[in-house]
Every structure is written in C-alpha cells, then in structure tokens.
Amino acid sequence: MSLELSEQEIIRRNSMNELLSKGINPYPAEAFNVNVTVNEILEKYPTDHTLYQEISIAGRIMTRRIMGAVSFVELQDSTGRIQIYIKRDDICPTEDKSMYNIVFKRLFDIGDIIGVKGFVFITQMGEITIHVKELKLLSKSLKPLPVVKEKDGEQFDAFSDAEQRYRMRYVDLIVNNQIKDVFKKRTRLVNTMRNFLDEKGYLEVETPILQPLYGGAAARPFKTHHNSLDMTLYMRIANELYLKRLIVGGFDGVYEFSKDFRNEGMDRFHNPEFTQMELYVAYKDYNWMMDTVEEMVEQIALELHGTTQVQVGSNLIDFKRPWKRFTMYEAIEHYTGIDISQMDEAQIHKVAEKVGAEIDETMGKGKLIDEIFGTVAEPYLIQPTFITDYPVEMSPLAKKHRSKPGLVERFEAVCNGKELCNSFSELNDPIDQRQRFEAQLDLGRRGDDESMVLDEDFLRALEYGMPPTAGLGIGIDRLAMIMTNQTSIQDVLFFPQMRPEKKAAELTDADLKAQGIPEGWIPAIRKTSYKTIEALKEANPNKFYNDLGGLRKKLKLDVPMPTLDEVKSWLS
RNA sequence: GAUUCGCUAGCUCAGUAGGUAGAGCACAUCCCUUUUAAGGAUGGGGUCCUGGGUUCGAAUCCCAGGCGGAUCACCA
C-alpha cells in the first residue's frame, strides 16, 4: 500500500473538502428513502407511462455526459443501470446555479453514490430516463473506478485482471455487473437444494467446525490451538462422523451445508475452504440415494435455467432423469473393452500399464482400479453418470457390497469429466468399522499423511447401534461451477484464497523525522530507492545528496537545499 | 511442486539493433440545453513488479526473487 496518492485521488480528496466547505456532508448519516429499483422501472414503465412520476432512487454514478446546462448520468443500483437527466434550472430553481455548475459538474465523480428524486420519461433517443428534480450526495468515492464501456454486448476497457478482480471483488462487482448473476445463481442453487431437503422432512443441523479429531475424508487438515483448554483442534475436513452420530441419536434425516477446510494444493478446482452439503437418511441405501440425487440436481437445473439442459463450455449437459448408471468395472470395460472384474492384482497391474495410468509399486488392487478408471473413463463422462461399486480399500466408511466381494456400496456422480458427489450405504457395523480404521492407521504408519485417524467416540456411537443409512456429500462449489458455466472455483467464490499482497516497505514520517530530516524533504526521500532506515544509513552520501537535488527539481519542492554535511547527518 | 506466459498511467493495452516512455478511456481547464462505448478543444499524469548483473546507456539483454494466469502433478 503506497502512502502516495495518485493525481486523481488527490483531486477527489480536494473535491470532498470543497464539498465540506460548502456545507455538504459527503457522508450524510440520515436515511435516504428509496421507493423503486432500476429493474422495476425498466420492466414496467414501457407498459404504462403514467407510472413512476414521483420516484426516489439511489445508486452509483457510472458514466457522465455533460452537455453544458444539461447532463446525462448513468446510475447503477443493485438491480441495474438507468440513465438520469439533469437540467441545471431544474436542480437550481433560483439564481444560484452553483449546485449544478460547481457541485454536480466539478465535485461529483464517477463512483459517487447519489440519491435522486424526479420522474420517469423517454428521451428523444428513445431511452427510459429519470428526469431529476432533486439531487443529493450520499457517499463520496475517493478512488477512481475503472470505467468499463459496452456496446452491443462488447466490452471496452474491461476490468479483467484476474488478480485484481479477486483481490478487490467489490470493484469487480461494481463494474462487471454480470458477475453478480453467477453469485445469485449460486444462492438460488443452495436455496433450491435446501427447499428440496426440507420438503422431504430432513432437519438442517450445525456440527462443529473446530474438532479435536478430524475425520470423514482423506485429507490433510488445518491445525490450530485452543488456549484455555491447551489442546490442539482441527478445522473440519468433512462433517460425516458428526452427522452419523445424530443418526445414532435418532434423527431420521439430517443435512448440513458445511464449510470444510483442507490443507492442500490450490488450483481451479480446489480452494482451501469450500462448501459441501452432506445428507444422511436412515433406513435407506445407496440405490435410493441415487434416485434422490438425480431428482434434486434435475430440480436445481430447472430452477436455474428453466430446462434440464445446461451449456457448460462446449458441452451441452442434460440433467434429465434417469442418469446413466455404470458399475466401475462396466465403465472401464465400456471405454477399454477389457473386463477386469475377475482379474487378480497382477493382471490388473498390466492393464493399468497398458492404458497409461500413472501407477507405482505401492498401489494395491483398489488403487490400481481407481487409477484405470480415472485415466480411461472419468474424463470422458460428460453427461451426468453414476459410477457404482468401488473397491473396499478406498472407502473406509462405506458398507461392504451386499453381493460383490471386495467392493463397497458406493457411488459417485460424474459430470463434465469431474466428480460431482460421493455417496454410500454407510458402514454401521462397529467391528468392521474398527478394522477399517486400523487399516487406515497402518497406511498412516507407512507414511500416507492423508489416512484417516481412529475416532473412538465415533466407534462408541456405532456400538450403540446406527440404523442402516444412506449418506451423501455433494460439492456445492463444483456444482455451482457447472450450473453457472464457470471454469474456475475462484469464479464461484466471492473471496477466493489468495497469497497476501506484497507489502512495499515504507519509510514512515516518524522514522525520517527521527533522523533529523526536515518535513519538506520527506516526499523526496520517499521517491529514492531506499525503502528502510537501514538502507538509508548505508547509502553513499554523495550520491544521495545528488539524488536529492534532482528530486527537489523534479518534485518542485519549495525547500532550501541542505549542505552536504547536513545530508550526512541525516544518514548517521 | 513442475512447466509456461504475463507484470508499462486510475483501467485496457502498444512500445527493441539497448538511446529522454506512447494510445484510447478516465482526470483537469474552457466551450456546449436531449446525449449514449466517446459532444468539441487544450492539458496534466509513470518506482515501465523488486533486487542484482552486462553496458557509456536497460522498460527492452542476463540472473535471482515477488505476485498472478494457464497446463500438468498431487489431492475425498
């Protein structure tokens, strides 16, 4: 953050001070009552020109076209943009024209938030416009806003730098209005899902985010510390084990939209914090859950798009039920022609090599199968497809398959080449569950830092008896990406995680004064390449003296040139 | 983590045999009573990401670093 202001920022600060001196509060406290939105006017006025003859509306100035005693301004509120028409003699009915000539024309800027009163009409150019009778500043903007222009859907000078858009999402939302639609759709997606689950009678619950043990997924956690208890706590990586405890406790259906945290890499599909919806329903199995997922996601597509078909990149994806269902073996056979269902580990290893899966010698049968699937099938599954019956080794919380040894009752929905959700008939046999945890502990001892830890309290809960239960985890961010046609998770998160902004080292006024440097010279010293007192002290006094002379001229500083000895004392 | 591309005015971007840094919009001043990506004229504005090196001279070439994008790897 530079302490120095740009020319335009200085001008705006001066404008603000001038407003103050004219008795205009740039940040008034009192409410400004709004009785209409832009969107309402644009929708309803064309059908009835008697409407909106006494309106009060507020928003941000986005463009200004000043034509002498008449001006056109584009005002943006939360619903859209509308043109307003300001005529000098309307807002300045008396002899004093300063409200228009000075306050509006000189002291207002693009980005300022204003309130206007007036009536709606249509200009000669045929544009719906507000004829302003009163104008009031509601908030002065001190930073120049990027000015994005648009014609026929084409943008000019778009504010497009991804880094700045994510770091300053507020600016992105102001000038790239279409961004708002993505986030509105995301919220509608969540609301649709919530309504769907509520209507089925399931209970929305909240479970701990700070957990003494992390579980329910294979991932590295964020670790923190509680001072009073003097204990390590983890940010949850999933909420599965807590929701199952609630099923043990006697709820038939519970769900939670949960922010989960995983201490892993970041890319366009991964953010360290992300949102999942997890659902657990007693007395159901994974077949039932597949039907439920289909129904829920189809409903979301209909709610957001009015159709089951959604354009995602170059693919048109149709969420209409029923979705294709493949077992994992069938999917592999479908794409390779090879049936691996009866093969032993050595044979499967050969298949994995043949299809070019990335494998290593530590991989067991289950992992090999998963790699084959990930190589030959998953990327090609564009239309929503259920993949069922996974190897037991990779699913320590899923129930063993009722009829297929070595497999578990688990499915994932795959769509656009990516996993959408994960679900199983939940393992409720406490003896089996303990053995699976112990197998995970073995993996951990062999160095797998994402293996699960053993949760004794969870096992105790299972020992009291959990009904047969179907469970589901569905990635809300990923689903939002598909439903809004975004290629990066950063585009469906308001504030994606970023590395901290580089802080430019700054010499403070106090530091410089402590060196005996007169205040008038401080701007010049800021312009030098010395950014710390230490660097300053090591500077060559003669070079520094010469630099100051040059800067004095360049900055037109009205301060006397010091002697070389004085400058040397500043550096001591 | 690897590869690769990028970083120049408030915004979007030009800019090489290495020789005082440019455009459009934005901003300022003046003119203008219905304009619409921008009405006209004039003008101001830069740590060319940072640090080092090569050179008489670096936005430009070399090295290191920072931040970001893309691809890959890792990853319930």
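Only heavy atoms go into these numbers, but all of them, side chains included; no hydrogens, no water, no symmetry mates. In what follows, every chain begins at residue 1, and chains take the letters A, B, ... in the order their sequences are listed.
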Inset, instruction - Flag the pair A:Glu240 and A:Lys244 as a salt bridge only when some basic side-chain nitrogen lies within less than 4.0 angstrom of an acidic carboxylate oxygen. - result: yes
- Query: Going by an N to O cut-off under 4.0 Å, is there a salt bridge joining A:Asp477 and A:Lys259?
  - Reply: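 No, this pair does not count.
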Requested in this report: Please tell me which of A:Val147 and A:Gln164 maps to the more 5' nucleotide of RNA chain B, matching each residue to the nucleotide holding its nearest heavy atom.
Outcome: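 Nearest nucleotide further toward 5': that of A:Gln164.
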Next item on the list: Determine the interatomic distance between P on B:C63 and the same-named atom on B:G6; round to the nearest Å.
Entry: 14 Å
Taking donor-acceptor contacts at under 3.5 Å, does the side chain of A:Gln83 reach the base of B:U35? yes
A:Glu264 has its side chain closest, among B:G1, B:C75, B:U35, to B:C75
Ranking B:C27, B:U33, B:C32 by distance to the side chain of A:Lys87, first place goes to B:U33
### Task
Evaluate the side-chain contact (heavy atoms from CB on, under 4.5 Å) criterion for residues A:Leu243 and A:Thr207: first the C-alpha distance (whole Å), next the side-chain angles of each, then the deciding distance (0.1 Å), finally the verdict.
CA-CA 7 Å; A:Leu243 291 176; A:Thr207 63; 3.9 Å; yes
OP1 or OP2 of B:G68 less than 4.0 angstrom from a side-chain nitrogen or oxygen of A:Arg167, does that happen here? yes
Within the distance-only criterion (no hydrogens, no angle test), does the side chain of A:Asn239 pair as donor or acceptor with the backbone N or O of A:Tyr242 below 3.5 angstrom?
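Between the backbone of A:Tyr242 and the side chain of A:Asn239 there is no qualifying donor-acceptor contact (under 3.5 Å).
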A:Arg165 CZ to B:C7 P, in whole Å, measures 19 Å
> At under 4.0 Å between heavy atoms, what does A:Arg88 touch on the DNA or RNA strands: base, sugar-phosphate, or nothing?
Replying inline: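 Result for A:Arg88 = nothing.
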> Above 12 or not: heavy atoms from other molecules or residues under 6.0 Å from NZ of A:Lys223?
Replying inline: no
Scoring nucleotides 37-42 of chain B by protein non-hydrogen atoms under 4.0 Å (B base, S sugar-phosphate only, - none) yields BSB---
